[in-house]
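Worksheet: one structure, shown below.
Throughout, protein chains are lettered first and strands after them, A, B, ... in sequence-line order, and every chain is numbered starting at 1.
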Amino acid sequence: MENETTLTMEQLQKDLEKLQKKVSKIENNRKDQLSIALISGDMDKILAAMIISLAAAAMDTKVKIFFSFWALSALRDKKKKATGKDFISKMFGMMLPKGKNKLKLSNMNMAGMGPMMIKMLMKKKNVLSLDEMFQQAGELGIEITVCEMSMDLMGFKREEFIDYPNLRYAGAGTFVADAGESAMQLFI
Amino acid sequence: MSEDLKNLQSDLVVDARGTACPGPLLAAKKAIGDIESGEIMEILSADEGTKSDIPRWCEKVGHEYLGFVDEDSFSRLFLRKE
């Protein structure tokens, strides 16, 4: 009789542990967190991503942005240079915008007139500049992760990216894991 | 309600009139740490979207949103810290 009771207790404890694991997994599935896969290198889309991220961070939501493909241009520092690149990487480097202030608009680019006008308007209407947005993002602890694979593909090197607090480098799996536990996911 | 708000004595006034969305929200978030629980913060904003953003922020993080008063070219938004 006594033996039976011990067995049941053990079983109960195991069940409880299983349940606790399940609950914590479920809780982790919908963290107050925003994960953005930022692929576009268009100025308007980067602006949108940054504004949404800043608003989320202001509302105490943890923000993680995964910079991939064309978006990597926005992270280039115009003052920095990377050496030892092969021919194709050099070509890519020359053809792609060098930094967030050189980005094109997805519409009405008009050979650079559009971005110039937007920047003028933003200043006039007191919208933060992209430089200020990245500054604020760093202060608010918004995490920026660089997609290693696209960095490699486009021939970018770590030393040519902007100074940003804890700039991370990772693969798609990291984004999937982050997105999986976030209550909000965006693809821009 | 707005009559009461007009006479409300704020413990901290945050002037965010020089910045557009999401500037006022960022300013509010930064300033909220400077007041104690139960104190009143007033945010000045010339950005219309702020009137919807601040109450939603309060709702999310637990502050009590008290309402807004419209002035000529801006609004004054009031909240009590949780």
Side-chain angles (χ1 to χ4, degrees), chain A residues 27 30-36 38 43-65 100 115 117-144 164-165 182-186 188, chain B residues 12-68 70-82:
Chain A
E27 276 175 345
R30 283 191 67 84
K31 266 197 226 168
D32 184 11
Q33 183 170 294
L34 166 66
S35 285
I36 300 179
L38 186 48
M43 184 191 162
D44 37 357
K45 290 177 188 169
I46 303 248
L47 270 173
M50 292 310 288
I51 291 172
I52 294 169
S53 297
L54 287 174
M59 293 178 82
D60 290 343
T61 298
K62 175 91 191 142
V63 182
K64 298 187 175 188
I65 315 176
K100 48 183 154 353
M117 271 155 54
I118 290 283
K119 277 179 212 160
M120 266 168 55
L121 277 174
M122 280 168 64
K123 205 168 180 183
K124 194 173 162 220
K125 306 268 184 188
N126 292 319
V127 179
L128 294 175
S129 70
L130 267 176
D131 282 322
E132 289 165 331
M133 285 187 196
F134 273 82
Q135 168 81 25
Q136 295 261 4
E139 283 170 19
L140 286 163
I142 291 175
E143 267 181 35
I144 291 184
Y164 186 87
S182 300
M184 292 172 275
Q185 304 104 3
L186 295 177
I188 300 178
Chain B
L12 180 67
V13 180
V14 181
D15 190 349
R17 284 176 292 182
T19 169
C21 177
L25 192 60
L26 287 168
K29 144 101 178 161
K30 277 186 185 161
I32 196 77
D34 298 337
I35 60 169
E36 300 295 324
S37 172
E39 289 188 322
I40 288 169
M41 186 164 90
E42 176 180 344
I43 302 136
L44 311 183
S45 170
D47 173 70
E48 275 295 310
T50 307
K51 283 191 213 165
S52 132
D53 285 6
I54 294 287
R56 295 304 300 270
W57 171 60
C58 290
E59 193 185 340
K60 181 165 184 284
V61 298
H63 308 307
E64 186 191 349
Y65 177 64
L66 303 171
F68 68 85
D70 273 331
E71 300 289 342
D72 282 346
S73 59
F74 65 97
S75 308
R76 297 160 59 199
L77 298 99
F78 298 88
L79 63 93
R80 183 178 284 116
K81 186 174 178 179
E82 185 193 17

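Within 6.0 Å of NZ in A:Lys125 there are 12 or fewer heavy atoms belonging to other residues, nucleotides or ligands.
Between B:Arg17 and A:Asn126, every side-chain heavy-atom pair lies at or beyond the 4.5 Å cut-off.
Listed by chain and residue number, A:Glu143 satisfy the side chain to side chain donor-acceptor pair (under 3.5 Å) test with A:Lys62 (two or more places apart in sequence, or in another chain).
In this structure, B:Leu26 and A:Leu54 approach most closely via the heavy-atom pair CD2-O, 3.7 Å.
Between atom CD1 of residue A:Ile51 and atom CG of residue B:Leu25 there is a gap of 12.5 Å, rounded to the nearest 0.5 Å. Atom-to-atom distance recorded for A:Leu140:CG and B:Lys29:NZ is 6.5 Å, nearest 0.5 angstrom. A distance of 9.0 Å separates CD1 in B:Ile54 from CE in A:Met59, rounded to the nearest 0.5 Å.
Looking at A:Leu128, the atoms closer than 4.5 Å to chain B (heavy atoms on both sides) all sit in the side chain, from C-beta outward. In this structure, chain A has heavy atoms under 4.5 Å from both the backbone and the side chain of B:Arg56. Proximity to chain B is absent for every atom of A:Ile52, based on heavy atoms less than 4.5 angstrom apart. Heavy atoms of A:Glu139 lying under 4.5 Å from chain B belong exclusively to its side chain.
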